[in-house]
Amino acid sequence: MPKTIALLRNVPLFSLLEDETLTQVAEAAQPVVLERDQVLFFRGDASRGFYVVVQGRIKLYIDGPNGVEKVIETVGPGGTFGEAVMFLRQPYPVNTAALTPAEVLFIPRDVIERLLDANRDFCQRMLAGMAMRLRSLIHDIETYSVCSATQRVIGYLLQLLPEAGVATNDGPILLELPVQKYVLASRLNLKPETLSRVFSDLAAEGLLRTSGRKVWILDLEGLRAFAPQEAFLPPCR
């Protein structure tokens with residue numbers, strides 16, 4: 001129980017709750033351990049609550065008519081998913097599976113509904129979280145409609161900088177992609193071969209080099225010159 005409380009305390013949605021209230025949430029939380037590629041739920045399954053990622057990374061995706069999956073979003077530690085559909089009492093609109101070995105906490109809907117009735121701040125945080133998710137989806141639509149493949153990739157890398165960038169002294173900036181390249185391609189609405197071509201073109205320009213999921217930015221200012229407007233940068237998740 002103390003471990004669960006500590007984990008929930010680090011989730012922005014729950015960080016301001018009083019200890020007694022947070023304990024109630026922790027008591028109701030159900031841990032779920034997932035192996036890599038294990039499905040948590042399928043599109044059409046009934047929604048009875050939402051999830052908090054404790055460790056690992058989760059993908060939300062749909063299956064295309066040609067059997068190629070489209071990644072809608074990936075969620076890492078401290079992130080949440082499934083809130084909006086929980087309130088609608090409708091089936092999940094996406095599939096969800098683990099990209100890596102992962103652990104999540106399932107929070108039942110009735111616990112959240114009691115919190116909403118009793119805690120105005122929690123209600124505002126829940127609304128803010130869902131509003132940010134909606135803004136993220138609008139960003140995606142804008143990005144896919146306006147930005148070229150190269151701009152999408154550069155926008156993603158630039159947003160990743162504060163989170164995963166490791167600068168050496170006057171040397172390259174090392175980034176570790178949080179997901180496999182095929183997942184990143186799907187997330188940016190690109191074919192894997194298109195993503196590979198973009199990385200190759202940027203390497204030929206002397207802007208970066210890659211090896212697996214490692215990306216070394218060799219010319220940050222040069223990369224920024226190709227970047228899209230800030231409004232169309234895809235959110236980094």
Side-chain angles (χ1 to χ4, degrees), residues 32 34-47 50-53 56-77 79-88 90-102 104 129-160 163-164 175-202 210 212-213 215 227-228 231-237:
V32 181
L34 300 167
E35 297 179 357
R36 180 176 176 177
D37 297 327
Q38 183 177 347
V39 173
L40 179 61
F41 57 75
F42 287 101
R43 183 176 184 177
D45 287 352
S47 169
F50 77 105
Y51 294 86
V52 178
V53 180
R57 185 164 289 271
I58 303 295
K59 66 175 176 180
L60 282 59
Y61 68 99
I62 57 175
D63 294 315
N66 57 355
V68 177
E69 69 179 37
K70 171 66 177 79
V71 177
I72 306 299
E73 186 177 6
T74 69
V75 186
T80 61
F81 57 94
E83 302 96 316
V85 70
M86 171 186 70
F87 291 116
L88 293 174
Q90 292 182 355
Y92 290 112
V94 297
N95 308 306
T96 299
L99 282 169
T100 65
V104 300
M130 289 191 291
M132 289 178 65
R133 189 69 54 80
L134 176 60
R135 183 173 179 269
S136 172
L137 291 174
I138 293 174
H139 254 168
D140 285 351
I141 294 172
E142 291 177 329
T143 299
Y144 304 154
S145 301
V146 175
C147 295
S148 67
T150 299
Q151 288 177 318
R152 294 179 214 175
V153 174
I154 291 176
Y156 183 88
L157 294 176
L158 292 181
Q159 285 223 333
L160 199 62
E163 179 178 312
L175 301 180
E176 179 84 25
L177 297 177
V179 296
Q180 298 95 327
K181 286 183 179 178
Y182 80 91
V183 176
L184 175 58
S186 181
R187 180 69 183 85
L188 297 179
N189 204 33
L190 301 172
K191 294 180 179 180
E193 56 267 29
T194 302
L195 179 64
S196 296
R197 176 182 55 79
V198 169
F199 277 131
S200 295
D201 290 346
L202 294 174
T210 66
R213 286 166 58 175
V215 178
F232 300 118
L233 290 179
C236 174
R237 293 184 180 276

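Counted within 6.0 Å of CZ on F42, heavy atoms from surrounding residues, nucleotides or ligands total 12 or fewer; the atom is thus considered open. Within a 6.0 Å sphere centred on NZ of K191, heavy atoms belonging to other residues, nucleotides or ligands number 12 at most. Counting non-hydrogen atoms of other residues, nucleotides and ligands closer than 6.0 Å to CD of Q38 gives a total above 12.
Residues L157 and L175 come closest through the heavy atom pair O-CD1, 3.8 Å. S47 and M86 get closest at one heavy-atom pair: OG-CA, 3.4 Å. Counting all heavy atoms, side chain and backbone alike, R187 lies closest to E73 at NE-CA, 3.9 Å. Taking both residues in full, the closest heavy atoms of A102 and G56 are given as CB-CA, 4.0 Å, listed atom of the first, atom of the second, then distance.
A donor-acceptor pair under 3.5 Å is formed between the side chain of S196 and the backbone N or O of P192. The closest donor-acceptor contact from the side chain of R213 to the backbone of L177 lies under 3.5 Å. Between the side chain of Q159 and the main chain of Y156, no donor-acceptor pair closer than 3.5 Å is present.
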Do any side-chain atoms of residues 91-100 form donor-acceptor pairs under 3.5 angstrom with protein atoms, and if so which ones, sequence neighbours left out?
unit_1: Y92; atom_1: OH; unit_2: G49; atom_2: O; d: 3.3
unit_1: N95; atom_1: OD1; unit_2: R43; atom_2: N; d: 2.7
unit_1: N95; atom_1: ND2; unit_2: D63; atom_2: OD2; d: 3.3
unit_1: T100; atom_1: OG1; unit_2: R57; atom_2: N; d: 3.1

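Residues that satisfy the side chain to side chain contact (heavy atoms under 4.5 Å, CB included) test with T210, not counting sequence neighbours, are K181, F199, L208, V215. Evaluation of the salt bridge (charged side-chain N to carboxylate O under 4.0 Å, His left out) rule for R197 yields D201 as partners, not counting sequence neighbours. Annotation: salt bridge (charged side-chain N to carboxylate O under 4.0 Å, His left out) contacts of E69 (sequence neighbours excluded): K59.
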